[in-house]
Amino acid sequence: MSTWQVRTFDVTKDLRLDPHNVRLGVQLSSDPPQADIIQDLFQHEGALDIARSIMSVGFLTHERPVVVRENDLWIVAEGNRRTAALKALLNPFLVPAAQPRLAELVDETPVPARFQRVECLIAPDRDAANQLIATLHTANARKPWGPLRQAEFFAAQLTAGKSVEELIATYPGIRVADFVKTADMHRLLQTANFKDDEVARYARRRNFPISTFERLYQNPDFLKLARMSVDDKTGRVSLQANQKDFDRVAEKIVTDIKTKRINTRVLNAPGDDSYQDYLRELAAMKIGPGVTTKVANRPEVKLPPIKARASPTLDVSGLHAMADFPAIGSILNELASIRYRDFPNATFDLIRSFLEKSIKAYAESKNEAIPKKGQYVFLDSALEWLQGEIVSSDKKSLLQVIRKLRQNEKFNVYAYGLTTDYLNAANHNHQIFIEPGEVLNLWNSIINLLRYVLRESDS
C-alpha cells in the first residue's frame with residue numbers, strides 16, 4: 001500500500017459504490033443500481049450510524065476509502081458504508097426511508113463543504129484491493145465481518161471463476177478453506193426444498209445464525225448421518241444423501257434454529273446431553289443414500305414472490321385539503337399517520353367525521369348550503385346534497401357509492417357495515433366494536449368519493 005497513489009475525489013460526481021460489495025449479500029441483483037446499493041447499506045449495514053458519527057466527529061482521514069478503476073469508473077472497493085454516508089449527508093433524498101433522520105442531522109449542523117471531496121487510496125487493480133479487504137475483514141480482529149460475510153467474500157470470488165487453490169495462494173495466513181466450507185454449508189441449506197416458504201427465506205437471510213449449524217457440521221457424527229463430506233484441503237462440501245430425506249432434515253434444523261429450539265448453548269459440545277438428544281432426533285429421520293453432488297453445483301431453488309405487507313396506515317393519495325379549511329388538513333394528516341390496525345375504533349370514528357366535514361367544506365367552497373334536517377346538518381344530509389351535485393358531473397359512477405352509504409338496510413348483512421346507520425352506530429352504540437378489516441373496507445369503499453370532494457383545485 002505504500003506505493004498506492006492518493007487522490008482527492010468528488011463524492012457525488014466521481015465515486016460509485018461497488019455493485020459487487022459482499023455486504024450486499026444475496027438479496028440484490030448481481031449488478032444493482034446505485035440507489036439500491038445505498039438504500040441497502042442504510043437499511044442493513046448501519047450507514048446511518050456512520051453518518052451520525054461523521055457529523056459528530058468528522059470524516060477520519062486515516063480510514064481513506066480504497067478505489068479501483070473499472071470500466072472507466074472509480075469504484076469504491078473498501079469504504080462503501082462511509083462513502084454512502086457521505087453521499088446521503090450531501091443529498092438526504094438518496095435514502096427515502098432515512099431522509100427525515102438525515103435531514104435532522106443536516107438541520108442541526110450544516111454539512112461542511114469539505115465533505116464534498118474526500119481523499120482515497122487508488123488500488124492498482126481489483127486483486128490488490130481484495131487482498132487488503134481480506135486482511136481487514138477476515139484476518140484482522142479490529143473490525144471483523146460476521147461469519148457469513150467472511151465466507152461470502154471468498155464465495156464471490158469463486159463464483160467469479162477463481163479456484164480455491166488460487167485463493168489460498170493469494171491470501172496466505174487466512175483460513176480460506178474454512179470460509180469456503182461455511183459458504184458451502186450455507187448454500188446447502190439455501191438450496192434445499194422446504195415445504196414452508198418462510199423457513200426457506202429464513203435460511204437465505206444475510207444474518208442467518210450459521211454458528212448454530214456450524215456446531216453440527218463440525219461434528220463427524222453429524223456428517224455421517226446426514227451423508228455429507230468435506231474436502232479438508234479446499235473446504236468444498238459434497239452431499240451423498242437422498243434429496244427428499246435431506247430436505248426434511250434441513251427443514252427441521254432451520255426451523256429449530258428459527259424458533260430458537262436449538263442454539264449454540266443447546267449444541268455447546270458434542271458430549272452434552274442436549275447435543276446428543278438432538279443428534280438422535282436427526283438420526284431417527286433416517287437419511288438414505290443418493291447421488292453424490294457438489295454443493296457448489298446445486299441449482300438455486302426459486303421461491304414465490306413475497307406478498308407485499310399490508311400498509312399499517314390508510315392510503316390517502318389523491319386527497320388535497322382545501323387551504324380555506326385547515327381543520328380538514330389536520331384531520332387528513334391524522335388519518336395518514338394513524339395505524340388503523342392498532343386503533344380501529346378511533347380510525348373508524350375519524351373516517352366518519354372526515355367524510356362529513358369534507359363534504360360540508362366542499363359545499364361551502366362552492367358557496368352552497370346543505371339543507372338541514374332539524375337543527376343540524378347530519379352526515380346523511382351531506383351525502384344527499386353531494387348526490388345531487390354529482391348528478392350533473394362526469395363522475396356519475398360515484399352515485400352508487402353514495403346510495404350504498406345511504407341505503408341503511410339493516411337486513412343486508414353484506415352492505416350494512418358500509419352505511420351511514422352503521423357509521424353512526426359505531427359512534428354512539430356502546431355494543432359496537434370495530435375490527436381492522438371493517439376500517440379498510442369502509443376506506444376502500446369511499447376513497448374515490450373523497451378524492452372527488454378533495455380533488456386538487458383547478459385554479
[X] side chain vs [Y] backbone, donor-acceptor pair below 3.5 Å:
X      : Y      : answer
Arg187 : Val295 : yes
Arg204 : Gln190 : yes
Arg81  : Glu45  : yes
Arg455 : Tyr452 : yes
Asp247 : Asn193 : yes
Asn80  : Asp18  : yes
Glu435 : Pro344 : no
Ser381 : Val377 : no
Lys260 : Ile257 : no

May I ask you to check whether over 12 heavy atoms, not counting those of [X], lie within 6.0 Å of atom [atom1]?
X      : atom1 : answer
Asp273 : CG    : no
Arg280 : CZ    : yes
Lys252 : NZ    : yes
Lys244 : NZ    : no
Lys372 : NZ    : no

Mind checking whether [X] and [Y] have side chains closer than 4.5 Å, heavy atoms only?
X      : Y      : result
Lys404 : Gln400 : no
Asp196 : Thr255 : no
Leu454 : Tyr362 : no
Leu102 : Leu89  : yes
Thr313 : Leu335 : no
Leu449 : Ile390 : yes
Phe354 : Val316 : no
Asn268 : Tyr275 : no

Inter-residue atom distance Asn219.CG - Leu267.CG, 0.5 Å rounding: 10.0 Å

Point-to-point distance, once rounded to the nearest 0.5 Å, from CG of Leu86 to CD1 of Ile50: 9.5 Å

Could you check whether [Y] and [X], counting side-chain N and O atoms only, form a donor-acceptor pair closer than 3.5 Å?
X      : Y      : answer
Ser274 : Asp272 : no
Asn448 : Arg451 : yes
Thr12  : Asp10  : yes
Lys181 : Gln218 : yes

Partners of [X] by side chain to side chain donor-acceptor pair (under 3.5 Å), sequence neighbours excluded?
X      : result
Glu368 : Trp385
Asn345 : none
Arg298 : Thr191, Gln243
Glu364 : none

Once side chain to side chain contact (heavy atoms under 4.5 Å, CB included) is applied, do any residues pair with [X], and if so which ones, sequence neighbours excluded?
X      : answer
Asp178 : Arg175
Ile432 : Tyr422, Ala425, Ala426, Asn429, Ile434
Glu334 : Leu350
Thr264 : Ser211, Thr212, Arg215

Step-by-step side-chain contact (heavy atoms from CB on, under 4.5 Å) determination, Met55 to Phe115: CA-CA 10 Å; Met55 291 303 294; Phe115 285 0; 4.1 Å; yes

Those residues that, when tested against Phe208, pass ring-ring contact (aromatic ring centres under 6.0 Å, His included) (two or more places apart): His186, Tyr202

Set of residues satisfying ring-ring contact (aromatic ring centres under 6.0 Å, His included) with respect to Tyr217, sequence neighbours excluded: Phe213

Intermediate values then yes/no, side-chain contact (heavy atoms from CB on, under 4.5 Å), Leu105 and Arg101: CA-CA 6 Å; Leu105 289 175; Arg101 285 169 289 180; over 6 Å; no

Considering non-hydrogen atoms only, spot the tightest contact between [X] and [Y] and give its length.
X      : Y      : value
Asp184 : Val237 : OD2-N, 3.0 Å
Leu41  : Ala84  : CD1-CB, 3.9 Å
Gln387 : Leu399 : O-CD2, 3.5 Å
Phe246 : Ala226 : CD1-O, 4.2 Å
Ala88  : Phe42  : CB-CZ, 3.4 Å
Ala103 : Pro92  : N-CB, 4.4 Å

Below 4.0 angstrom, N of the basic side chain to O of the carboxylate: do [X] and [Y] qualify?
X      : Y      : result
Arg261 : Glu281 : yes
Asp349 : Arg352 : no
Glu251 : Lys195 : no
Glu198 : Lys258 : no
Glu152 : Arg206 : no

Pairs meeting criterion ring-ring contact (aromatic ring centres under 6.0 Å, His included) with involvement of residues 312-347, two or more places apart: none

Pairs satisfying side chain to side chain donor-acceptor pair (under 3.5 Å), at least one member in residues 83-100, at least two apart: none

Ser358 and Leu450: CA distance, side-chain angles, deciding distance, side-chain contact (heavy atoms from CB on, under 4.5 Å) verdict: CA-CA 8 Å; Ser358 296; Leu450 285 168; 4.2 Å; yes

From CA spacing to verdict: side-chain contact (heavy atoms from CB on, under 4.5 Å), Phe348, Asn427: CA-CA 9 Å; Phe348 198 87; Asn427 184 264; over 6 Å; no

